[in-house]
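Presented below is the structure to which this report refers.
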Amino acid sequence: MEEGTKRNSRAWSEVYRTTAFGNAYPTDGLVSIYHHFIKKELKAAEEPPKVLDFACSHGANAKFFESLGFEVYGIDISKEAVDYCIQEQGFDSEKYMACDILSGERSLKEMFGTFDLVIASECLYYFSEKDLSRLLQEFNDSMKEGAIFYANMHTWNHQLYRSYEKAEKNAEGLTEIPESGTAGLPLGVRIVENKEEMKKLFGIFQEIATVRSVLELESESETLHFIGKKAEGF
Ligand SMILES: C[S@@+](CC[C@H](N)C(=O)[O-])C[C@H]1O[C@@H](n2cnc3c(N)ncnc32)[C@H](O)[C@@H]1O
């Protein structure tokens with residue numbers, strides 16, 4: 001991991017160690033995108049579809065997918081977050097792992113096999129440019145042919161980030177935000193300009209849609225959602 005990503009990961013680990021922070025409810029944008037875009041893209045399989053909830057926090061999104069009949073796997077950098085998933089949510093300890101997937105120790109595929117769906121909700125903006133492309137490659141390598149990928153990013157048209165638009169990015173492509181995100185942490189965050197940048201960022205996948213969700217059209221915070229498919233031959 002590059003220094004900026006490492007710092008963000010450490011800060012998140014510390015939040016779970018020292019506070020009761022955790023996602024209690026599924027992320028609204030993800031639920032909406034699932035029903036409008038993802039559901040119809042998943043091939044009807046005899047087996048329950050297998051989903052990875054990357055950066056799973058306390059497992060609220062994992063629980064959402066479980067309730068839909070998915071076989072759910074989760075990863076988070078925080079041991080406390082993953083312990084919560086196993087001990088409080090009762091999820092299978094074989095399917096949830098606290099780890100740094102960029103450490104190169106074991107690939108996602110070696111850990112969990114291959115997926116029909118990979119979800120990276122509210123987390124990829126904490127990765128430096130280089131680390132994000134490595135991570136996307138890792139996701140891609142763990143996806144079945146035609147599998148679906150989902151991620152979201154924020155734009156400068158967002159109440160938390162708007163006033164930092166002119167701030168200098170560091171060498172890793174991150175902007176220092178003193179109170180970032182739901183936990184209000186000082187972190188380096190990767191903000192996207194627009195849909196074009198978003199599409200380019202996730203260009204390893206074949207785009208299905210890059211959208212704002214209906215709720216966000218009325219809010220002060222612009223979030224872009226990317227839904228893609230594992231491209232043939234990648
Ligand atoms: C804003 S929370 C989002 C949680 C959840 N995905 C959601 O949609 O509500 C960001 C999550 O990213 C996790 N995270 C940060 N760096 C990570 C890394 N390098 N690898 C895995 N998870 C990471 C944090 O521990 C935290 O649970």
Side-chain angles (χ1 to χ4, degrees), residues 1-34 38 51-66 72-86 88-89 91 96-108 111-112 117-136 138-139 142 149-154 158 160-161 172 174 177 179-191 213 215-216 221 223-226:
M1 266 188 203
E2 291 197 301
E3 203 38 56
T5 318
K6 223 184 270 171
R7 220 186 95 215
N8 288 342
S9 302
R10 266 194 242 115
W12 270 109
S13 298
E14 188 61 16
V15 166
Y16 287 101
R17 241 193 325 267
T18 55
T19 74
F21 183 90
N23 59 356
Y25 304 102
T27 313
D28 62 343
L30 170 60
V31 172
S32 161
I33 296 294
Y34 173 76
I38 299 175
V51 57
L52 173 70
D53 181 10
F54 179 77
C56 60
S57 183
H58 280 186
N61 292 331
K63 214 166 176 178
F64 166 68
F65 282 105
E66 209 179 67
V72 192
Y73 291 71
I75 281 187
D76 202 282
I77 197 75
S78 158
K79 182 179 179 308
E80 281 75 10
V82 169
D83 284 350
Y84 186 98
C85 287
I86 295 165
E88 306 298 324
Q89 301 278 29
F91 298 157
Y96 286 78
M97 196 81 76
C99 65
D100 164 16
I101 203 63
L102 295 178
S103 71
E105 276 169 30
R106 278 171 85 197
S107 71
L108 257 175
M111 280 164 60
F112 293 147
L117 173 63
V118 172
I119 296 291
S121 163
E122 303 290 350
C123 58
L124 295 189
Y125 35 81
Y126 299 125
F127 289 79
S128 71
E129 279 182 32
K130 239 190 228 157
D131 286 338
L132 180 57
S133 21
R134 286 179 57 209
L135 189 59
L136 294 178
E138 186 65 34
F139 289 149
S142 75
F149 171 79
Y150 164 85
N152 69 312
M153 300 288 273
H154 302 301
H158 190 291
L160 288 172
Y161 307 124
E172 298 178 9
L174 304 173
I177 309 282
E179 285 184 42
S180 122
T182 34
L185 298 171
L187 299 174
V189 180
R190 171 98 176 260
I191 304 295
S213 74
L215 248 184
E216 285 149 10
S221 305
T223 298
L224 292 176
H225 304 266
F226 176 89

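All residue numbers in this chain count up from 1 along the given sequence. Just so you know, ligand 1 is whichever comes first in the structure, and atom 1 is the first atom listed for that ligand.
- Defined by atom type and a distance below 3.5 Å, a donor-acceptor pair is missing between the side-chain atoms of Ser57 and Tyr84.
- Side chain to side chain, Glu122 and His154 meet the donor-acceptor criterion of an N or O pair below 3.5 Å.
- Close contacts of ligand 1 with Ser57, meaning ligand atoms under 4.0 Å from a residue heavy atom, involve 4 (C), 27 (O).
- Shown in contact with Asn23 at under 4.0 Å from a heavy atom are these atoms of ligand 1, numbered in order with element: 5 (C), 7 (C), 9 (O).
- At the shortest separation from atom 12 (O) of ligand 1 among protein heavy atoms lies Ala55 CB, 3.3 Å.
- For ligand 1, the atoms lying closer than 4.0 Å to a non-hydrogen atom of Met1 are 19 (N).
- Across the listed options Leu30, Asp53, Thr27, Leu102, Thr27 owns the non-hydrogen atom lying nearest to atom 7 (C) of ligand 1.
- Without hydrogens or angle criteria, Asp131 side chain to Glu2 main chain gives a donor-acceptor distance under 3.5 Å.
- The single protein non-hydrogen atom nearest to atom 26 (C) of ligand 1 is Tyr16 OH, 3.4 Å, given as residue, atom name and distance.
- No heavy atom of Asp100 sits closer than 4.0 Å to any atom of ligand 1.
- Asn152 and Thr223 are not linked by any side-chain donor-acceptor pair at a separation below 3.5 angstrom, with hydrogens and angles left out of the test.
- Asn61 counts as a contact of ligand 1, since one of its heavy atoms falls under 4.0 Å from the ligand.
- Counting only heavy atoms of the protein, atom 10 (C) of ligand 1 lies nearest to Glu122 O, 3.4 Å.
- With respect to the salt-bridge test (charged N to carboxylate O, under 4.0 angstrom), the residues Lys63 and Glu66 do not qualify.
- In terms of protein heavy-atom proximity, atom 25 (O) of ligand 1 is nearest to Asp76 OD1, 2.6 Å.
- The closest approach between Ser9 and ligand 1 falls below 4.0 Å for a heavy atom of the residue.
- Ring geometry for Phe139 against Phe54 counts as perpendicular: the plane angle is over 60°, on a 0 to 90° scale with 30° as the lower cut.
- Judged by distance alone, the side chain of Asn8 and the main-chain N or O of Gly188 form a donor-acceptor pair under 3.5 Å.
- For ligand 1 and Ser121, the ligand atoms under 4.0 Å from any heavy atom of the residue are 3 (C), 5 (C), 6 (N), 7 (C), 8 (O).
- Looking at Leu124 and Leu136, their side chains come closer than 4.5 Å, going by heavy atoms from C-beta outward.
- Proximity of the aromatic rings of Tyr34 and Phe65 is defined here by a centroid distance below 6.0 angstrom, and this criterion is met.
- Annotation: atom 22 (N) of ligand 1 to nearest protein heavy atom, Ile77 N, 3.3 Å.
- In summary, the atoms of ligand 1 found under 4.0 Å from a heavy atom of Phe54, numbered by their order in the structure, are 20 (N), 21 (C).
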